[in-house]
Amino acid sequence: MAQTFLDSTELVLNMGPQHPSTHGVLRVILKLDGEKVTGTECVVGYLHRGVEKIAENRTYAQFAPYVDRMDYVASVSNGLGYCLAVEKLLNVEAPPRAQVVRVILTELNRIASHLIWLGTHALDLGAITPLFYVMREREDILNIYEKYCGARLTTHAFRIGGLQYDLYDGFEEEVKRFCDIIGPRVDEYEELLTGNRIWIARLTNVGVLNAEDCKAYGVTGPLLRAAGVKWDLRKAQPYSGYQHYDFEIPTRANGDSYDRYIVRVQEMRQAVRIVRQALDRIEPGPIMAKVAKVIKPPVGEAYVSIEAPKGELGYFVVSDGSTQPYRVRVRPPSFINLQAVDRMARGSLIADVCAIIGTIDIVLGEVDR
Amino acid sequence: MRRFLRTVFLIDLIEGLWVTFRTQHPRNICTDQYPRERPKIAERFRGAPRLNNHPETGETLCIACNLCAIACPEALIVVSSERNEKTKRKELTDFTYDLSRCMFCGLCEDACPVDALELTQDFEIASYTRDGLIWDRKMLEEGPRPARYKF
């Protein structure tokens, strides 16, 4: 008798792209044996806009607003990566004041990104309260962005060679006030979640990815640090003057989802520490390096990677000597971390797939580009 | 005994409600009563574009240099100009700004050498038609006129 699909114990289930827990338009094909996941396959590309191709017919300055639209939760970090890459091509460095402001804004962005991650991750697992709390704090950050550069989400805050806007009056006080309130607020989230029995039960030993696997998959960011590898590009290859700041790299040993939660919460606290130090380092001075109006880098290529909230964010820019880049290649952390879903989800239960996708902290705008 | 008294006098409930009432202070309410009260927008907000006129003479500040159109990543600005035979200078005739494709990056206003083009704090720029989002010179000079409601 011929085998039909009824004889098979394997069930193929389609999850997404309109599934709320996939954080956008990710489609995951799940192979199930009862409740158990025997294999997953991610289908990406639903949000593909061809950003890298767009770069090839824009000038260097014109492409800068597009990078904000990749990882829109951490648009400032994207802008920083791109600006640093082009600055490396041009062989210029932003003035000290600009570098300090860049550090403040990117670290605030790290907090904002982790807040969104915390809220949505908790929401995926059924905890609704944290989402409202994190949105409240994120609002403060977005208000600072709005006052600084005029936009909240797709900020376009940095320009090649420095900054377009100088700090507004009261910036320091506002950031300081935010630093003062975010600490107790993070305590509040921890009170809600860290010792919560449901939270622990849903996260411990879910989506385990050990250090070897992380390295093999090229996984970076909080996922790598939760597996016990002390690797942070801000320490390993400092950019924008990160070598002057005193902060720690939080790590954990197990590499499961709960450890990633702890690492991210600790990172928020460290980010506040960096912002406080950076506020003391603000000094008067120019905010823009000497960069020609028409940016025409010499023939060559440059790769710059920064520690974005989600991991290593790399920009590879090739110049053919014209006003437009020959090629821009982005190494998005989400896309590369997303590959590890199969490794993490295999053998777990179907309900844990939501937790695993959530714990990677993907943004589909960045995965598909 | 202590536990019993806590239960009788509903201490836990009151403690919980105290947290609720603590956040009821008007300072903590951040909902905007939108059409009734317009929100305060940051000074640097990049919203609807405006083509500035000279405050005294009422003539346009735009010198039709076309730099904004060159700076725009989406190439959505069209500047048309005419050469004035008397003064031998370019004069602006029409200015088209396609808001439907604009991403409000602010590169056009950065490029403007005379501060004629500016992204203002007006944010009510929605339109029922696509054509309504393509602004001509008149619209750019006057700015959007959002509906005002009576309450």
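Convention: sequence-line order gives letters A, B, ...; per-chain numbering from 1.
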Undergrad: Step through the shown structure and confirm whether more than 12 heavy atoms of other residues, nucleotides or ligands are within 6.0 Å of CG on B/Leu5.
TA: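 Check passes, neighbour count above 12.
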
Undergrad: More than 12 foreign heavy atoms under 6.0 Å from CD of B/Glu15: is that the case here?
TA: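 Buried by this count: over 12 neighbours within 6.0 Å.
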
Undergrad: Is there a side-chain contact between A/Thr154 and B/Met103 (heavy atoms, below 4.5 Å)?
TA: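 They are not in side-chain contact.
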
Undergrad: To check you understand the geometry: which heavy-atom pair defines the closest contact between A/Ala61 and B/Leu107, and what is its length?
TA: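 It is O-CD1, 3.8 Å.
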
Undergrad: SG/B/Cys105 to CZ/A/Arg69 distance, rounded to the nearest 0.5 angstrom?
TA: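 Rounded to the nearest 0.5 Å, the SG-CZ separation comes out at 7.5 Å.
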
Undergrad: Hey, could you give me the CG/NZ distance between B/Asp110 and A/Lys293, rounded to the nearest 0.5 Å?
TA: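 Atom-to-atom, B/Asp110:CG and A/Lys293:NZ are 9.0 Å apart.
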
Undergrad: Would you mind checking which part of A/Glu139 comes under 4.5 Å of any heavy atom in chain B, side chain (CB onward), backbone (N, CA, C, O), both or neither?
TA: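 No part of it gets close to chain B.
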
Undergrad: Do any of residues 34-56 of chain B have a heavy atom less than 4.5 Å from a heavy atom of chain A, and if so, which, in residue order?
TA: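 Contacts with chain A: B/Ile41, B/Ala42, B/Arg44, B/Phe45, B/Arg46.
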
Undergrad: Would one find more than 12 heavy atoms of other residues, nucleotides or ligands at under 6.0 Å from atom OH of A/Tyr326?
TA: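 No, the 6.0 Å shell around OH holds no more than 12 heavy atoms from other groups.
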
Undergrad: How would you list, in number order, the residues of residues 169-194 of chain A that have a heavy atom less than 4.5 Å from chain B?
TA: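 So no residue qualifies.
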
Undergrad: Relative to chain B, which segment of A/Phe63 carries a heavy atom at a distance below 4.5 Å: side chain, backbone, both, or neither?
TA: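 Neither part; nothing is under 4.5 Å.
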
Undergrad: Give the interface residues of residues 111-129 of chain B toward chain A, defined by a heavy-atom separation under 4.5 Å.
TA: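 Answer by number: none.
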
Undergrad: Any residues in residues 61-75 of chain B near chain A, with a heavy-atom distance under 4.5 Å, and which are they?
TA: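 Residues in range: B/Ile70, B/Ala71, B/Cys72, B/Pro73, B/Glu74.
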
Undergrad: So what's closer than 4.5 Å to chain B heavy atoms on A/Arg136: side chain, backbone, both or neither?
TA: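 When you check distances to chain B, no heavy atom of A/Arg136 falls under 4.5 Å.
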
Undergrad: Heavy-atom count check: over 12 atoms from other residues, nucleotides or ligands less than 6.0 Å from B/Leu13 CG?
TA: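 More than 12 within 6.0 Å, yes.
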
